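All values derive from a computational prediction rather than experimental measurement. The figures that follow rest on heavy atoms only: side chains count, while hydrogens, waters and symmetry mates do not.
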Amino acid sequence: METRQHAKAWVGQRVLRKEDPPLVTGRGSYVADIKIPGTLSVAIVRSPVARGRIVELDVSIARRCPGVVEVVTADDLRGRVAAFHLLQERIPPGLANSTQASVEVQPCNLAVLADGRVAYVGEPVAAVVAVNRYLAEDAAEQVVLQIEEEPPIAEPAEALRPAAPLVDDGTPGNIAARLHAECGDVQTAFREAPHQLRLELRIGRVAAAPMECRGVLALQPQPNGEITVWSSTQVPYIVRSAIARQLDLPEDQIRVIAPHVGGGFGAKVHVYPEDILVPHLAMRLGRPVRWVEDRSENLMATAHGRDQSHEVEVAFDDR
């Protein structure tokens, strides 16, 4: 009875939000706001083309630029950082109660830094680490990158053609996943419905463009082996699991913190190459390392949404 009366006193009443004051008074703490002495900054060299073979990647000039501490490419990560899966084999929450549901995920691995080939505009190719962001970006401009461009695959329908080149060599037919779900007796519903309709729908691509772009900050390993990572992410536990797998570390040795996040809109529910790269660099250099993308990087390299083609069949009555 007491619980019921307590609930009745609150239902329909205004409830003050506790999380707003630091945000509306300018006291929020985002990845870029965290101050740790000696933190190094990362600038990413990215592919300007959608598909092609890397014929030259020369970082020798960048290594000699003022303030540069390290420059890494795929050669430096080989055997130390594994490629990671783009998708996870799990039933989406909305289909968990389906009478029949199954999902099949292809390997579809993503390299932290492009190794020999590039598969999308904005794919990381090299990382420059310097004492501050300005010097890191200046040095990144000195990296010589030459790509033998190949025809890109820009439409889902093109990627499904039998002769279409593979976006990823480990993904036959360019099919990353198959999901099958049934709720109720679908065949009977179609058979008995007085009306049926078939539609082909196309949803255009959008960019989330949150106020805060993506960012990752990692501390060097502590004496007990623990690594702390701050990430502007909506899925800190998934990021933690990915770091553990790709860096071959015990999961309980990694702590991922999502500080205030300046918007996500779904774009920050993924694991990105930088989520793996920055902790690796902190381990490699024994110093705190931070990367924060700028707006151009965000529009180019952060996952876009939609861009879907649907073939829909519906059965309905007159109600």
Next on the checklist: Filter on side-chain hydrogen bond (donor to acceptor under 3.5 Å, both in side chains), then keep only pairs touching residues 120-135, sequence neighbours left out; what's left?
Outcome noted: R133-E137
Next on the checklist: I need the minimum non-hydrogen distance between L219 and W230, along with the two atoms involved.
Outcome noted: CG-CZ3, 3.7 Å
Checklist entry - Between atom CG of L277 and atom CD1 of I243, what is the distance when rounded to the nearest 0.5 Å? => result 11.0 Å
Checklist entry - When rounded to the nearest 0.5 angstrom, what distance separates CD1 in I257 from CD1 in I34? => result 7.5 Å
Checklist entry - Any chance CZ of R295 has more than 12 other-residue heavy atoms, nucleotides or ligands included, within less than 6.0 Å? => result yes
Item to check | Other cluster members, V314 - Ile/Leu/Val/Met/Phe/Trp/Tyr, side-chain contacts below 4.5 Å | outcome: L197, L199, L201, V312, F316
Checklist outcome for this item: For V24, the other hydrophobic cluster members (4.5 Å side-chain criterion, sorted by chain and number) are none
Checklist outcome for this item: Looking only at heavy atoms, the pair that brings N174 and V167 closest together is OD1-N, 2.8 Å
Item to check | V261: hydrophobic cluster co-members (side-chain, 4.5 Å) | outcome: none
Item to check | Non-neighbouring partners of R287 that pass side-chain contact (heavy atoms from CB on, under 4.5 Å), sequence neighbours left out | outcome: L40
Item to check | Carboxylate-amine/guanidinium proximity below 4.0 Å for R27 and E19 | outcome: no
Checklist entry - Does the distance from a Lys or Arg side-chain N to an Asp or Glu carboxylate O, for E150 and R53, drop under 4.0 Å? => result no
Checklist outcome for this item: Nearest heavy-atom approach of A32 to V292 is CB-CG2, 4.2 Å
Checklist entry - Apart from Y30 itself, what residues make up its hydrophobic cluster, given side-chain heavy atom links below 4.5 Å? => result L23
Checklist entry - Do V131 and L135 come within less than 4.5 Å of each other through their side chains, counting heavy atoms only? => result yes
Next on the checklist: Tell me if the CZ atom of R80 is crowded by more than 12 foreign heavy atoms within 6.0 Å.
Outcome noted: no
Item to check | With sequence neighbours excluded, residues passing side-chain contact (heavy atoms from CB on, under 4.5 Å) with D168 | outcome: T171
Checklist entry - Do the charged groups of E148 and R117 touch, with an N to O distance under 4.0 Å? => result no
Item to check | Donor on one side chain, acceptor on other, R191 and T188, under 3.5 Å | outcome: yes
Item to check | side-chain contact (heavy atoms from CB on, under 4.5 Å) partners for A218, two or more places apart | outcome: V229, V278, P279, A282
Checklist outcome for this item: Here the side-chain hydrogen bond (donor to acceptor under 3.5 Å, both in side chains) pairs for residues 153-166, sequence neighbours left out, are E155-R202
Checklist entry - Which residue pairs satisfy the salt bridge (Lys or Arg N to Asp or Glu O under 4.0 Å) criterion with at least one member in residues 250-266, sequence neighbours excluded? => result R240-E251
Checklist entry - Is there side-chain contact between C213 and E297, with at least one heavy-atom pair below 4.5 Å? => result no
Next on the checklist: Does either side chain, that of D275 or that of H270, offer a donor lying less than 3.5 Å from an acceptor on the other one?
Outcome noted: no
Next on the checklist: I want to check something: taking the side chain as every heavy atom from C-beta on, are I36 and L217 in contact at a cut-off of under 4.5 Å?
Outcome noted: yes
Let me check something: any side-chain donor-acceptor pairs from residues 220-228 under 3.5 Å, sequence neighbours excluded? List them with distances.
unit_1, atom_1, unit_2, atom_2, d
Q222, NE2, Q220, O, 2.8
N224, OD1, E226, N, 3.0

Checklist entry - Is the shortest heavy-atom distance from the side chain of P66 to the side chain of D138 under 4.5 Å? => result no
Checklist entry - Looking at residues at least two apart in the chain, or sitting in another chain, which of them share a side-chain contact (heavy atoms from CB on, under 4.5 Å) with V49? => result S47, V118, I147, E149
Checklist entry - Are side-chain N/O atoms of E293 and T302 paired as donor and acceptor at under 3.5 Å? => result yes
Checklist entry - Does a side-chain heavy-atom distance below 4.5 Å link V235 with K268? => result no
